Chemist: 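Handing you this structure, nothing more for now.
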Amino acid sequence: MTEKIPVRLKVNGRYYDAAISADASLSRVLRDELGLMGTKEGCGTGYCGSCTVLIDGSAMKSCLVPAVTVGDREVVTIEGMSSPEHPLHPVQQAFVDAGAIQCGYCTPGFVMSVYALLRMNPKPTDEEIKRGLSGNICRCTGYETILSAVRLASERLSSVRE
């Protein structure tokens with residue numbers, strides 16, 4: 001039996017105490033231990049981007065991150081983007097409005113990558129968007145609706161900031 005290590009994680013502004021295997025990925029702990037099912041694990045190798053979360057504000061593929069390494073860091077998942085007052089974050093709403101969700105499996109990873117991108121670059125060009133999303137794969141949308149969603153989110157967030 002694998003020895004469990006006690007870890008305190010800060011996820012979506014809330015602290016969780018968990019006993020996890022030293023080799024457990026953050027994506028597995030988020031889903032299996034914390035019940036946060038929004039983070040999807042598609043490939044388990046960091047290729048598809050479905051498991052993207054924010055760690056200290058940076059988009060990271062949680063299937064590649066050992067959960068024991070994030071105890072003192074801020075993790076934000078797709079569930080952490082909304083609030084009772086705002087059920088959908090503007091980035092999430094833009095994906096819905098642009099029809100960029102199709103089957104939805106890759107959507108949380110894309111949304112988290114877009115959120116990180118727009119925090120760093122509020123008005124990215126199409127090339128900057130493509131570069132910012134290069135670590136995410138979608139098999140349903142053909143990407144045009146995703147690009148439209150990013151442009152729409154950028155526009156909406158810019159009007160809120162101004």
Side-chain angles (χ1 to χ4, degrees), residues 9-16 25-27 29-31 34-43 45-65 67 69-162:
L9 302 170
K10 185 176 182 186
V11 181
N12 301 328
R14 182 175 165 205
Y15 286 95
Y16 295 87
S25 69
L26 179 58
S27 61
V29 170
L30 291 171
R31 292 179 62 79
L34 306 185
L36 297 170
M37 304 306 277
T39 301
K40 308 296 188 227
E41 188 172 310
C43 66
T45 61
Y47 182 73
C48 73
S50 293
C51 66
T52 303
V53 299
L54 300 186
I55 300 177
D56 293 336
S58 296
M60 301 191 71
K61 296 172 183 180
S62 62
C63 72
L64 298 178
V65 177
T69 66
V70 297
D72 58 345
R73 302 171 79 186
E74 177 71 35
V75 177
V76 178
T77 69
I78 191 81
E79 292 94 344
M81 292 187 68
S82 61
S83 67
E85 303 83 40
H86 303 287
L88 291 179
H89 184 276
V91 173
Q92 294 170 306
Q93 188 63 55
F95 268 71
V96 171
D97 294 345
I101 52 177
Q102 298 287 314
C103 82
Y105 200 85
C106 67
T107 305
F110 269 102
V111 167
M112 298 309 292
S113 292
V114 169
Y115 180 64
L117 170 67
L118 294 179
R119 287 180 59 185
M120 291 184 344
N121 184 355
K123 295 187 179 193
T125 65
D126 282 356
E127 281 306 310
E128 290 168 329
I129 294 168
K130 289 175 186 176
R131 209 170 24 257
L133 298 179
S134 65
N136 296 79
I137 295 174
C138 177
R139 297 183 66 158
C140 300
T141 65
Y143 295 97
E144 276 308 311
T145 55
I146 293 172
L147 291 173
S148 296
V150 179
R151 291 184 208 110
L152 183 58
S154 171
E155 186 179 299
R156 289 177 177 172
L157 287 170
S158 291
S159 68
V160 170
R161 289 184 191 112
E162 295 170 355

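All values below were derived from every heavy atom in this structure, side-chain atoms included, with hydrogens, water molecules and symmetry-related copies excluded. Every value quoted in this text rests on a predicted model; they were computed, and no experiment measured them. The first residue in the sequence is number 1, and the count goes up from there.
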Chemist: At what distance, to the nearest 0.5 angstrom, does OG of S58 lie from CD of E74?
Modeler: 12.5 Å
Chemist: Provide the closest heavy-atom pair for A153 versus L118 in the form atom of the first, atom of the second, distance.
Modeler: CB-CD1, 3.8 Å
Chemist: Which pairs, with at least one residue in residues 75-100 and sequence neighbours excluded, count as a salt bridge (charged side-chain N to carboxylate O under 4.0 Å, His left out)?
Modeler: D97-R156
Chemist: Mind listing the closest non-hydrogen atom pair of A149 and A100 along with its distance?
Modeler: CB-CB, 4.0 Å
Chemist: Might you point out which heavy atoms bring S50 and C106 nearest each other, and give the distance in Å?
Modeler: OG-CA, 3.8 Å
Chemist: Is there a side-chain contact between K40 and T107, using heavy atoms and a 4.5 Å cut-off?
Modeler: no
Chemist: Which heavy-atom pair separates G104 from P108 by the least distance, and what is that distance?
Modeler: O-CD, 3.3 Å
Chemist: Atom CG in L30, atom CG in L26: separation rounded to 0.5 Å?
Modeler: 4.0 Å
Chemist: Can you give me the closest heavy-atom contact between K61 and T52, atom names plus distance?
Modeler: CG-OG1, 4.1 Å
Chemist: Donor-acceptor pair, S154 side chain versus V150 backbone, under 3.5 Å?
Modeler: no
Chemist: Quick check: closest heavy atoms across M112 and V76, and the distance to 0.1 Å?
Modeler: CE-O, 3.3 Å
Chemist: Can you measure from CE (M60) to OG (S27) and round to the nearest 0.5 angstrom?
Modeler: 12.5 Å
Chemist: Got V29 and L9 here, is their nearest side-chain heavy-atom distance under 4.5 Å?
Modeler: yes
Chemist: Side chain to side chain contact (heavy atoms under 4.5 Å, CB included) for R151 and D126? Distances and angles first, verdict last.
Modeler: CA-CA 8 Å; R151 291 184 208 110; D126 282 356; 2.9 Å; yes
Chemist: Between T77 and L34, is the side chain to side chain contact (heavy atoms under 4.5 Å, CB included) condition met? List the steps.
Modeler: CA-CA 12 Å; T77 69; L34 306 185; over 6 Å; no
Chemist: Taking atom OG1 of T141 and atom CD1 of I146, what is their separation to the nearest 0.5 Å?
Modeler: 3.5 Å
Chemist: Would you check, one step at a time, whether the test side chain to side chain contact (heavy atoms under 4.5 Å, CB included) holds for Q92 with S82?
Modeler: CA-CA 9 Å; Q92 294 170 306; S82 61; 4.2 Å; yes
Chemist: So, do I137 and Y143 sit near enough that their side-chain heavy atoms are less than 4.5 Å apart?
Modeler: yes
Chemist: Only one of L54, I78, L157 passes side chain to side chain contact (heavy atoms under 4.5 Å, CB included) with Y115; say which it is.
Modeler: L54
Chemist: Can you tell me how the ring of F110 sits relative to the ring of F95, calling it parallel under 30°, perpendicular over 60° and tilted otherwise?
Modeler: tilted
Chemist: Tell me, with the steps shown, if V11 and V53 meet side chain to side chain contact (heavy atoms under 4.5 Å, CB included).
Modeler: CA-CA 10 Å; V11 181; V53 299; over 6 Å; no
Chemist: How long is the gap from CZ on R73 to CG on D56, to the nearest 0.5 Å?
Modeler: 4.5 Å
